[in-house]
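Letters A, B, ... mirror the listed sequences (proteins, then strands); counts begin at 1.
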Protein chains: 2
Amino acid sequence: MQVNACMIAVMTNENAPPDADRVFKALADPTRRTLLDLLVERNGQTLGQLCANLAMARQSVTQHLGILEDAGLISTRRRGREKLHFINPVPLHEVYVRWVRKFERQRLDLLHDLKQDLEGDGP
Amino acid sequence: MQVNACMIAVMTNENAPPDADRVFKALADPTRRTLLDLLVERNGQTLGQLCANLAMARQSVTQHLGILEDAGLISTRRRGREKLHFINPVPLHEVYVRWVRKFERQRLDLLHDLKQDLEGDGP
DNA sequence: GTCAAGGGCAGGCAAATACCTGCATGATGA
DNA sequence: TCATCATGCAGGTATTTGCCTGCCCTTGAC
């Protein structure tokens, strides 16, 4: 695989402010999560290809893709009259680092306490 | 710390269907994320205590807490006339396991490809 | 050039959302 | 008991959201 400008932009997160709010709002819709799933299956699909799986007007899919792009979760590239869509895993990772980890700490503490308690209740 | 019925419910996720949609929708609002942050800081706060940090009518905060509880992100317990709110990290972990990880794979692949490419371009 | 394919843009509409006010209810303490 | 504190419940409204239809622009094949 060749590294191109698009991938560099993806890795460095150039054209997407790491706005947690946009990322969460983008992920809040099932249609948009389906779109991301479709792109995980096969990256670089066109609008038309994505529409084929969605039982929805093309324009609605365009709106959803726009929201995903604003959140930085996908990036696009034009090839002739087609528009290709690529997934961008970076914002989700940043949300994980900044957001999910602190809850993970609480979860592990709970597990620890539970384990301690169960051991204390042994015979 | 003593393990009680509430904690067991939290760990086993009794009263909360692991509905990814509700979790994402619940996390999509900044007020609700602030509420979770407040509970991470100090667990077991009452409605009134949480309201004190939020420049918003009490009833609105109640609504937000209800949505968080429906998503299984918090659980509550009554103490006299007060209602205590506890954070529940389990649904967020499930969302991470089911959702963030597959993107993490894509991210690491991108990093790998980028590394390979940069090494290939060396002197 | 001509024409179909792929996509963009604008406007509209119904439902969901995020606030609010007003009043009712149960618990606490003098 | 009775006043007060913490919370619940029932609407009400303005904004946002998700979907649509209709029309226009570019691209590629002939």
Side-chain angles (χ1 to χ4, degrees), chain A residues 6 15 17 19-39 42-87, chain B residues 6 15 17 19-39 42-87:
Chain A
C6 174
N15 41 2
D19 192 347
D21 197 56
R22 296 190 193 187
V23 174
F24 279 120
K25 280 188 183 348
L27 292 173
D29 186 88
T31 301
R32 291 194 282 271
R33 290 198 301 275
T34 301
L35 281 169
L36 289 178
D37 272 332
L38 290 171
L39 288 178
R42 186 155 53 97
N43 212 1
Q45 295 190 61
T46 69
L47 172 59
Q49 289 172 324
L50 293 171
C51 282
N53 300 288
L54 276 182
M56 184 183 300
R58 174 181 55 82
Q59 288 82 347
S60 306
V61 178
T62 299
Q63 272 190 324
H64 285 300
L65 288 171
I67 291 173
L68 287 171
E69 192 171 6
D70 278 346
L73 288 167
I74 62 173
S75 41
T76 61
R77 198 178 64 206
R78 305 220 55 140
R79 187 180 61 189
R81 62 181 170 183
E82 292 176 328
K83 187 175 188 178
L84 306 179
H85 298 79
F86 298 90
I87 215 164
Chain B
C6 173
N15 42 3
D19 192 349
D21 197 55
R22 295 189 194 188
V23 174
F24 278 120
K25 279 188 182 351
L27 292 172
D29 186 87
T31 300
R32 291 194 283 269
R33 290 198 300 277
T34 301
L35 281 170
L36 289 178
D37 272 332
L38 291 172
L39 288 179
R42 186 156 53 97
N43 212 1
Q45 294 190 61
T46 69
L47 171 59
Q49 289 173 324
L50 293 170
C51 282
N53 300 287
L54 275 182
M56 183 184 300
R58 174 181 55 82
Q59 288 81 349
S60 307
V61 178
T62 299
Q63 272 191 322
H64 284 300
L65 288 172
I67 291 173
L68 287 172
E69 193 171 4
D70 278 345
L73 288 167
I74 63 173
S75 41
T76 61
R77 198 178 65 204
R78 305 219 56 140
R79 186 181 61 190
R81 62 182 172 183
E82 292 176 329
K83 187 174 188 180
L84 306 180
H85 299 79
F86 298 90
I87 214 164

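Scanning atom types as modelled, one donor and one acceptor separated by under 3.5 angstrom connect the side chain of B:R58 and the base of D:dG8. For A:E82 against D:dG28, no side-chain N or O and base N or O form a donor-acceptor pair under 3.5 Å. A:Q59 contributes no side-chain N or O that forms a donor-acceptor pair with the base of D:dG18 under 3.5 Å.
Atoms CE (B:M56) and C1' (C:dA18) sit 8 Å apart, rounded to a whole Å. Protein atom CG of A:D29 is 17 Å distant from nucleotide atom P of C:dA15, rounded to whole Å. Atom pair B:Q63:CD and D:dG12:C1' shows a separation of 12 Å (rounding to whole Å applied). The nearest whole Å value for the distance from the CG atom in B:L47 to the P atom in D:dC5 is 16 Å. Across the protein-nucleic acid pair, A:D70 atom CG and D:dT17 atom C1' stand 14 Å apart, rounded to whole Å. Put simply, CD on A:Q45 is 11 Å from P on C:dG7, counting in whole angstrom units. Note: CZ (A:R79) to P (C:dG7) measures 10 Å, nearest angstrom. Protein atom CZ of A:R78 is 13 Å distant from nucleotide atom P of C:dG6, rounded to whole Å.
Listed pair B:R32 / C:dA18 meets the phosphate criterion, a side-chain N or O lying under 4.0 Å from OP1 or OP2. Considering only side-chain N and O atoms, A:T62 lies nowhere under 4.0 angstrom from the phosphate OP1 or OP2 of C:dG6. Considering only side-chain N and O atoms, A:S60 lies under 4.0 angstrom from the phosphate OP1 or OP2 of D:dC20. The side chain of A:H64 places an N or O atom within less than 4.0 Å of a non-bridging phosphate oxygen (OP1 or OP2) of D:dC19.
In this structure, the nucleotide among D:dG8, C:dC20, D:dC20 sitting nearest to the side chain of A:A57 is D:dC20.
With values rounded to the nearest 0.5 angstrom, B:D29 atom CG is found 4.5 Å from B:H64 atom NE2. A:H85 NE2 to A:T46 OG1: the interatomic distance, rounded to the nearest 0.5 Å, is 8.0 Å. Note that OG1 of A:T31 is 10.5 Å distant from CG of A:L65, once rounded to the nearest 0.5 Å.
For A:K25 and A:G48, each mapped to the nucleotide of DNA chain C holding its nearest heavy atom, the one lying further toward the 5' end belongs to A:G48. Comparing A:R81 and A:A55 against DNA chain D, the residue whose closest nucleotide sits nearer the 5' end is A:A55.
Between A:R33 and A:L27, the closest heavy-atom pair is NH1-O, 2.6 Å.
When atom types are taken as modelled, the side chain of B:R77 and the backbone of B:G44 share no donor-acceptor pair closer than 3.5 angstrom.
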